[in-house]
Amino acid sequence: MTGARDGDAPADLRLTSAEWSMWQAFRNGSTCDLHTREASRDDPHGQHLWGPERRVRARILALLLLDGPPAQPGRVSALKLTGAYITDTLDLAGGTIKPFVELRDCRFEAEVLLPESRFTTLRMANCAIPRLEAARLHTEGDLHLPRCVVQSGIRLTDAHIGTDLMLNQAVVHKDRQGRSITADGMTVGQDLQAEMLESHGELSLRGATVGVSLSLRGSHLSNPFGRRALNAPQLTVERTLYLTAAGLANSPFSSGATPPYGITHTPARGTRMQRFECEGGVRLDDGRFGDAVDLEHARFVMESDQELSLRRIHTPELRFLGERPQRGRVILSGARVVNLVDKSASWPGLGGLMMAGFSYETLIPRGHFPLAQRLQWVAAATPEYAPEPYEMLAASLRAMGEDADAREVQLAKQRRRRETLPLAAKAWGFLQDWTVAYGYRPGRAALWMAVLWAIGTAYFSAYPPPLLKHDEAPHWNPYLYSLDLLLPLVDLHQGELWAPAGLAQWVAAVMILAGWVLATTMATGASRLLQRQ
């Protein structure tokens, strides 16, 4: 910069009064406020035109940031500009900006270009921006864009944010590619807060990394005519991803605090809430979340070909507590979760859920979730028979000490499997189910044995069979004779002494066959119990 040694602006710049005020404020680190003190006229998103008294040329602003004058003695230079209309394109591409930068209530005439630039801290609050291009941006501190309205998208591809990225209450419209925010490969050192964000287009966070938590509380993501409203495969969040409601006043949701692992905040009674709502698909495939994925009060509005995809995510806790999607599908295939916190009213119906390879250890239902509804949950995930969801549910119930419920799940699995078998195997399955419930209810086999024993004893007491060898006269005992017919592997030496004929012979044959069926099914059930399937 060619200027006076005392820091005054060169005469050839021909600064306007607004630019001169900004120049002097920069040198002493104070705020240059160009507000008119009329709320409607000071709104950067309003319809009022801003006159020359508020206009600042983008090249003067860039000159201050890239090669500005020295600070006044005892002061630290900083750009703090409020209520300015910045004309032309602000181009800081590739530059290193050392001063603190804070722009509030400003209106930009053209796009802001920050690719590959380096800042300490950059704050742009409640600004009207046509487009923000900041690929590979690097900040040592924060990047704040709260309440900004961006007409043609934000690009933060491969950006590095040293501490926090704040997008609270921002409104971002899509660019030519249909994306509102493109932040693929971005790294945020601490929190990414985008609470009550309005995103019109695809929010893309592919391969992004967040050092603490990512909060989209109360946000509205809208991309109904595209494939996805949130596209974030391979996203890494060291703590929790919040797709939850935001309290509009005096609520833990609005505090921005990150709750510890395993604890979720509930708004105080009477608090007005703004739920998280997503119009379009969501993709979180292969994500890693250190504490939890929280979907409490979330609402997903999808078309039939769109998905809430959580394929192969890893997280200690999944809180599936949102509103039931009316269309689209929820995909949990290959996901690995320790605690599954859910409620029956949150899961989609038949054909709307896929859980092949989904593993969890502990079920924590919120509210009433009886076993019959849990079995419907599994059936909804398996339009075609698949054993894995049943086995996973049974294993989880056994780990919780619910052995009886685990057996009911395995029985439901066998009944579902029976539907896929050929006719002969299906008939055998019906017989096993009717007699001993595939061995999962062994008491039923003992009851059938007792009934058949009583019938056989009564019949053979009335119609004893003749002796096989007339020279022998053993004592006739209808109880032992009937029991000998029913027990296929135990010989009580009664069958070889008597020779039933006619109807008695058919009764004996039926009892022998019934004994074999009951013994086989009891052995099958015993082996299942021993193997703890």
Side-chain angles (χ1 to χ4, degrees), residues 45 89 93 108 110-116 124 127-137 143 145-159 161 165-188 192-210 214-216 218-235 241 243 275-287 298-311 325-331:
H45 317 298
T89 299
F108 289 82
E111 63 182 345
V112 178
L113 301 178
L114 306 178
E116 301 190 34
M124 301 170 70
C127 293
I129 308 171
R131 176 172 172 78
L132 178 58
E133 176 65 53
R136 297 174 296 284
L137 168 73
L143 173 61
L145 299 167
R147 303 184 304 283
C148 287
V149 176
V150 185
Q151 294 298 331
S152 297
I154 297 174
R155 187 182 182 197
L156 289 167
T157 305
D158 296 320
I161 311 303
L165 171 59
M166 183 180 291
L167 293 163
N168 293 348
Q169 296 178 292
V171 179
V172 188
H173 297 273
K174 62 185 176 182
D175 59 16
R176 294 179 180 177
Q177 285 73 42
R179 298 186 179 95
S180 59
I181 300 174
T182 305
D184 302 336
M186 178 181 67
T187 301
V188 179
L192 196 169
Q193 294 187 22
E195 300 182 359
M196 291 187 282
L197 167 74
E198 286 188 31
S199 169
H200 301 276
E202 181 183 288
L203 171 54
S204 183
L205 293 168
R206 295 183 297 175
T209 300
V210 179
L214 195 167
S215 176
L216 284 162
S219 293
H220 184 187
L221 311 183
S222 177
N223 192 25
F225 304 110
R227 188 173 182 184
R228 302 181 184 94
L230 175 59
N231 187 20
Q234 299 180 335
L235 172 66
L241 169 63
L243 305 181
R275 70 169 71 217
F276 171 84
E277 184 170 319
C278 183
E279 296 182 63
V282 175
R283 184 186 181 200
L284 296 172
D285 299 349
D286 301 296
R299 182 170 184 257
F300 298 95
V301 181
M302 298 180 287
E303 298 301 324
S304 57
D305 60 341
Q306 294 174 332
E307 299 176 345
L308 168 56
S309 180
L310 303 172
R311 292 178 174 89
Q326 299 302 314
R327 292 186 298 275
R329 297 190 303 170
V330 176
I331 312 295

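Just so we're clear, the structure is a prediction, and the values are computed from it rather than from any experiment. Sequential numbering from 1 along the given sequence is applied to the chain's residues.
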Atom of P130, atom of F108 and distance for their closest heavy-atom approach: CD-O, 3.4 Å
Compare all side-chain heavy atoms of R155 with those of D175 and state whether any distance is below 4.5 angstrom. no
Closest heavy-atom pair and its distance - G153, V172: CA-CG1, 4.0 Å
So, taking the atom named CZ in F276 and the one named CG in L243, what distance separates them when rounded to the nearest 0.5 Å? 4.5 Å
Rounded to the nearest 0.5 Å, what separates atom SG in C148 from atom CD in Q169? 11.5 Å
Could you tell me whether the side chain of N231 and the main chain of S204 form a donor-acceptor pair under 3.5 Å? no
Determine yes or no for a side-chain-to-main-chain donor-acceptor pair under 3.5 angstrom, with R131 supplying the side chain and S152 the backbone. yes
Under 4.0 Å between a side-chain nitrogen and a carboxylate oxygen: does that hold for E202 and R228? no
Heavy-atom side-chain proximity of L308 to P325 below 4.5 angstrom: no
Determine whether a donor-acceptor pair (N or O, by modelled atom type, separation under 3.5 Å) exists between the side chain of D285 and the backbone of R311. yes
Quick check: closest heavy atoms across G281 and C278, and the distance to 0.1 Å? O-SG, 4.3 Å
Does any part of the side chain of L214, heavy atoms only, come nearer than 4.5 Å to the side chain of L235, both counted from C-beta? yes
How far apart are the closest heavy atoms of S180 and S199, and which atoms are they? OG-OG, 2.6 Å
When H220 is tested against each of E279, R275, H200, E198 for side chain to side chain donor-acceptor pair (under 3.5 Å), which residue passes? E279
On a heavy-atom basis, which atom in P224 and which in Q306 lie closest, and how many Å separate them? O-NE2, 3.6 Å
Looking at E195, is its backbone amide N or carbonyl O close enough to the side chain of N168 to form a donor-acceptor pair, meaning the two atoms are under 3.5 Å apart? yes
Stepwise, does the side-chain contact (heavy atoms from CB on, under 4.5 Å) test hold for V171 with H45? CA-CA 11 Å; V171 179; H45 317 298; over 6 Å; no
Between the CG atom in L145 and the CD atom in Q193, the distance rounded to the nearest 0.5 Å is 13.0 Å
Taking L143 as the fixed residue, which of L192, L167, I161 is the one that meets the side chain to side chain contact (heavy atoms under 4.5 Å, CB included) rule? I161
Would you say S219's side chain and L197's backbone share a donor-acceptor pair under 3.5 angstrom? yes
